[in-house]
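The block underneath contains the structure these notes are about, expressed in structure tokens.
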Amino acid sequence: MPLVFSQISHSYGATPVLHELDFAVEPGQITCLLGPSGGGKSTLLRLAAGLEKVQRGEIHVDNDVLANDGLHPPPEARPVGLMFQENALFPNMTVAENIAFGIRDLSRREQQEKVKELLELVGLDEYGQRYPHQLSGGQQQRIALVRSLAPEPKILLMDEPYASIDITLRRTLREAARRTIKEKGTTAILVTHDPDEAMEMADSIAVLDQGVIAQVGTPQEVFESPATVAVATLFGGSQRLAITAADEHGFDTAFGRIQAEAERLSSYRDAHTLVVRPKGLSLKKNEKSDVVISDLRYIGHDWLAFLTNNNTPSATEPLRVLIDDVSQYQLGDRVDLIANQTGVFLFK
Ligand SMILES: Nc1ncnc2c1ncn2[C@@H]1O[C@H](COP(=O)(O)OP(=O)(O)OP(=O)(O)O)[C@@H](O)[C@H]1O
């Protein structure tokens, strides 16, 4: 394994952030670290980068100890490349000089060849002699990426590199980054709190929640079989509801009864929490129901129904349910809720 965190605990003052965390990154993969804000994602990356001292536990690279409470090599002595938001390009150096910065020990010719190859890789062959302020934000990001790849680090650490970039450009940059990282065979960890970004970029997603890794898996595994409530609620407009009672026909929630198949229920007899995606429920009209369609909104490809329950306080957030055929429904319709086969998750 190129990068392994073992039993890492970390506190800021008296505030614990990481708790005996174990995490191994697969070689040659792009792993996205995803999780609620403040969960410790950046801290984990900063520990590997050498920007933060390891307090407890160890970090290994290829079976060698990289850092522990007695070993703290500086960032430049580590086999890692950094692409953090704060690591802007050096403004007083040309693009070529920026890229060559980390490979100053190579001969001049080798440096030039490397710079040329990397500029071509991100489609900016003509830009070597420009200064950063003469580039667009997206071009600067692409240069920052290849600058961090120039020394051919074993591991590339990226902390929200696209956070300040607009959504369309972000998509283009992600693609460029994924292609470039894959072409180089680099092992990369990308911190993001955008689940869409993680789904698009990652070979593997690791969810960090409350100081521990809650789940590691392919984007499909993490999306379709979330291991915890925190993982389930990361994706797809998921909504969390408490289950107040359950029997063989379904379960009771703040939105009344949600009907479900008996066989499904029996495997979740002790469930107390329901996480439901907008695609996870179907509606059936029932004049006697207390659940009412209080809003219908078009969201591009689909319609969302916003449901409220006449019997619950108005402060309760409406339940959002995707509907196939909007012509069947109108505002004020009363409906029953039925759990679909996918998009509904039960937790103890
Ligand atoms: N230098 C610091 N001094 C004190 N507390 C810090 C420091 N850096 C981070 N923290 C705290 O540690 C916790 C974890 O922070 P961290 O930045 O690692 O989380 P994160 O998962 O990357 O969050 P986000 O998604 O919001 O960027 C937060 O509560 C944060 O306020």
Side-chain angles (χ1 to χ4, degrees), residues 3-25 30-59 66-69 72-75 78 80-88 137 141 144-145 148 155-167 170 173-174 177 187-202 204-217 219 222-223 226-238 240:
L3 181 64
V4 178
F5 298 87
S6 325
Q7 292 289 293
I8 294 287
S9 294
H10 199 84
S11 306
Y12 291 107
T15 312
V17 176
L18 302 174
H19 309 279
E20 299 177 355
L21 176 145
D22 290 311
F23 177 42
V25 176
I30 299 177
T31 299
C32 281
L33 257 186
L34 199 60
S37 180
K41 303 181 293 293
S42 297
T43 302
L44 196 62
L45 234 56
R46 294 172 65 81
L47 286 168
L51 302 172
E52 202 73 55
K53 274 192 172 160
V54 173
Q55 296 167 351
R56 286 185 63 188
E58 269 185 347
I59 303 174
L66 174 73
N68 58 26
D69 62 353
H72 182 65
R78 299 185 180 214
V80 298
L82 308 183
M83 196 180 162
F84 289 5
Q85 241 190 307
E86 63 262 31
N87 288 9
Q141 285 288 323
L145 173 70
S148 57
I155 299 148
L156 177 64
L157 306 173
M158 307 167 87
D159 193 352
E160 305 258 7
Y162 312 123
S164 55
I165 289 176
D166 78 70
I167 187 123
R170 211 186 299 175
L173 288 171
R174 271 184 218 153
T187 302
I189 308 185
L190 169 75
V191 164
T192 173
H193 48 236
D194 176 354
D196 291 336
E197 181 159 290
M199 298 294 263
E200 276 192 40
M201 280 284 282
S204 171
I205 292 179
V207 181
L208 180 51
D209 178 40
Q210 298 187 31
V212 296
I213 299 289
Q215 187 171 7
V216 184
V222 173
F223 186 85
T228 67
V229 172
V231 179
T233 45
L234 280 175
F235 298 103
S238 297
R240 180 182 174 159

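Just so it is clear, the structure is predicted and the values come from calculations on it, not from any experiment. Atoms within each ligand, like the ligands themselves, are counted from 1 in listed order.
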Exercise. Please state which protein non-hydrogen atom is closest to atom 19 (O) of ligand 1 and give its distance, to 0.1 Å?
Worked result: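 So the nearest neighbour among protein heavy atoms is Gly40 N, 3.2 Å.
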For this session: Measure the distance from atom 9 (C) of ligand 1 to every protein heavy atom, then report the residue, atom name and distance (to 0.1 Å) of the closest one.
Result: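 Sorting protein heavy atoms by distance from atom 9 (C) of ligand 1 puts Tyr12 CE1, 3.4 Å first.
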Exercise. Any idea which part of His193 is under 4.0 Å from ligand 1, heavy-atom wise: side chain, backbone, both or neither?
Worked result: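 It is the side chain that gets close, since no backbone atom is under 4.0 Å.
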Exercise. Which is it for Thr43 and ligand 1 at heavy atoms under 4.0 Å: side chain, backbone, both or neither?
Worked result: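 Near ligand 1, Thr43 shows its backbone as well as its side chain.
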Exercise. Do any N/O atoms on Gly38 end up under 3.5 angstrom from N/O atoms on ligand 1?
Worked result: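 Yes, Gly38 has an N/O under 3.5 Å of an N/O on ligand 1.
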Problem set entry | Ser37 N/O under 3.5 Å from ligand 1 N/O |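 Ser37 vs ligand 1: N/O contact under 3.5 Å present.
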With rounding to the nearest 0.5 angstrom, report the [atom1] to [atom2] distance, [X] to [Y].
X	Y	atom1	atom2	value
Asn68	Leu47	CG	CG	12.0 Å
His19	Ile213	NE2	CD1	12.0 Å
Ser9	Asp69	OG	CG	11.5 Å

Problem set entry | Gly35 touching ligand 1 at heavy-atom level, < 4.0 angstrom |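 For ligand 1, residue contact (heavy atoms, under 4.0 Å) with Gly35 is absent.
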Quick one: does [X]'s side chain have a donor or acceptor within less than 3.5 Å of a partner on [Y]'s backbone?
X	Y	answer
Ser11	Ala14	no
Ser238	Ala232	yes
Arg78	Pro73	yes

Problem set entry | Worked verdict on Val80 versus Leu3 for side-chain contact (heavy atoms from CB on, under 4.5 Å) | CA-CA 10 Å; Val80 298; Leu3 181 64; 5.8 Å; no
For this session: Heavy-atom contacts with Lys41 under 4.0 Å: which atoms of ligand 1 show up? List them by number with element.
Result: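 Every atom of ligand 1 under 4.0 Å from some heavy atom of Lys41: 18 (O), 19 (O), 20 (P), 21 (O), 22 (O), 23 (O), 24 (P), 25 (O).
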Exercise. Taking only heavy atoms of Ser42, which atoms of ligand 1 are found under 4.0 Å from at least one of them?
Worked result: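 So the atoms of ligand 1 that pass are 17 (O), 18 (O), 20 (P), 22 (O).
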For this session: Would you check if there is a donor-acceptor pair between the side chains of Glu160 and His193 at a distance under 3.5 Å?
Result: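 A pair is found: one side chain offers a donor N or O, the other an acceptor, under 3.5 Å apart.
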For this session: Scan the protein's non-hydrogen atoms and note whether one is under 4.0 Å from atom 31 (O) of ligand 1.
Result: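 No, no protein heavy atom sits under 4.0 Å from atom 31 (O) of ligand 1.
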Exercise. Protein heavy-atom contact under 4.0 Å for atom 7 (C) of ligand 1?
Worked result: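 Protein heavy atom within 4.0 Å of atom 7 (C) of ligand 1: present.
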